[in-house]
Amino acid sequence: LAQSLRLIVREVTSAPPPNLQQWAEDTDRKLGSRVTVIDRAGVVLADSRHDPETMENHQARPEVRAALSGQPGSAVRRSATLDTDFLYYAAPVELPGNPGAVLRLAMPLEQVGASIAAVRLLILKASGFAALLAFALAYVIARNVTGRVRRMEAYATELVNADYSGTLSAEADDELGSVARSLRAMADHFRQMLARLAQE
């Protein structure tokens, strides 16, 4: 609501509409939010979903009171004119011929609840996708580590059986790689020792 209000504030101040009521109704259709314009005395100048002439003074509304003091304000309450629970957001706006006016947007709480549910569903889907990706990545890493360990285990078994003909491929520069390099060094040492013994 705050973002939408910032956008339409620029629109209404840069190109003041000739018919404020018509502008409010058109903006409501674009945003899907109730649009109300209130002067500094609390009189409703335009409302996209109700006849402004039949609406009571809004000066005492919490969000309007905050906007009249120069700060954005918000409130949740039941609309007396539409008999619906709304989330309201209002901010001060300088309209031509109406300095210190208030521009207010409102959204039915049912719509707010639907938006929250949609965001929760999106978060749930994203979390599920992230979890699947994490499991797949963990499986690939675990399989890679297991394969490396098995290769080193087979190589170590050959060394135990005095078979020094095998080779162990180069490993990454990590803990398992360090173990592999130690095994290769030990195998090289055994080969050199056997070669010396054979020569002697």
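Side chains included, hydrogens not; waters and symmetry mates left out as well; all remaining heavy atoms used.
Between Glu63 and Arg77 a salt bridge is recorded (basic side-chain N to carboxylate O distance below 4.0 Å). With respect to the salt-bridge test (charged N to carboxylate O, under 4.0 angstrom), the residues Asp83 and Arg78 qualify. Between Glu25 and Lys30 there is no salt bridge, since no side-chain N of the basic residue sits under 4.0 Å from a carboxylate O of the acidic one.
Using a 4.5 Å cut-off on side-chain heavy atoms (C-beta onward), Thr36 and Val44 make contact. Looking at Glu11 and Trp23, their side chains come closer than 4.5 Å, going by heavy atoms from C-beta outward. Counting heavy atoms from C-beta on, the side chains of His50 and Ser79 never come closer than 4.5 Å. You'll find the side chain of Asp47 reaches within 4.5 Å of the side chain of Arg49, heavy atoms only. Side-chain atoms of Ile8 and Leu31, non-hydrogen and from C-beta on, do get closer than 4.5 Å to each other. Considering only heavy atoms from C-beta on, Leu1 comes within 4.5 Å of Ser33 through its side chain. Counting only heavy atoms from C-beta outward, the side chains of Arg104 and Val35 never approach each other to under 4.5 Å. Side-chain contact between Thr146 and Arg143 is absent, with no heavy-atom pair separated by less than 4.5 Å.
Taking CZ from Arg184 and CE from Met152, the interatomic distance works out to 10.0 Å, rounded to the nearest 0.5 Å. Considering CG of Leu103 and CG of Asn98, their distance stands at 12.0 Å, rounded to 0.5 Å. Interatomic distance, Leu45 CG to Asp39 CG, rounded to the nearest 0.5 Å: 4.5 Å. Remark: Tyr88 OH to Leu105 CG distance equals 12.0 Å, nearest 0.5 Å. Between Ile38 atom CD1 and Leu95 atom CG the span is 11.0 Å, to the nearest 0.5 Å. Separating the CZ atom in Arg191 from the CE atom in Met186 is a distance of 10.5 Å, to the nearest 0.5 Å.
No continuous path of ILVMFWY side-chain contacts below 4.5 Å connects Val93 to Val64, so the two sit in separate hydrophobic clusters. In the hydrophobic clustering of this structure, Leu87 does not group with Val119; members are Ile, Leu, Val, Met, Phe, Trp, Tyr whose side-chain heavy atoms approach within less than 4.5 Å, directly or through other members. With hydrophobic clusters built from ILVMFWY side chains whose heavy atoms lie under 4.5 angstrom apart, Val145 shares a cluster with Leu137. A continuous path of ILVMFWY side-chain contacts below 4.5 Å connects Ile116 to Met107, so both sit in one hydrophobic cluster. Cluster membership for Val102 and Val76, using ILVMFWY side-chain heavy atoms within less than 4.5 angstrom, is not shared.
For CD of Glu110, the number of neighbouring non-hydrogen atoms (other residues, nucleotides, ligands) closer than 6.0 Å is 12 at most. Within a 6.0 Å radius of CZ in Arg29, more than 12 heavy atoms belonging to other residues, nucleotides or ligands are found. Enclosure of atom CZ in Arg40 is not indicated, since only 12 or fewer non-hydrogen atoms of other residues, nucleotides or ligands lie within 6.0 angstrom.
For the residue pair Ala41 and Asn57, the shortest heavy atom distance occurs at O-ND2, 3.0 Å. Nearest heavy-atom pair across Pro72 and Ala66 is O-CB, 4.2 Å. Pairing each heavy atom of Ser48 with each of Ala24, the nearest pair is CB-O, 3.3 Å.
The side-chain contact (heavy atoms from CB on, under 4.5 Å) test with Leu68 singles out one residue from Gln59, Arg61, His58, and that residue is Gln59.
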Query - Evaluation steps, side-chain hydrogen bond (donor to acceptor under 3.5 Å, both in side chains), between Gln192 and Asp188 - result: CA-CA 6 Å; Gln192 291 170 11; Asp188 289 340; 6.0 Å; no
Requested in this report: Test Arg6 against Gln3 for side-chain hydrogen bond (donor to acceptor under 3.5 Å, both in side chains), laying out the working first.
Outcome: CA-CA 5 Å; Arg6 279 193 291 270; Gln3 181 63 31; 3.0 Å; yes
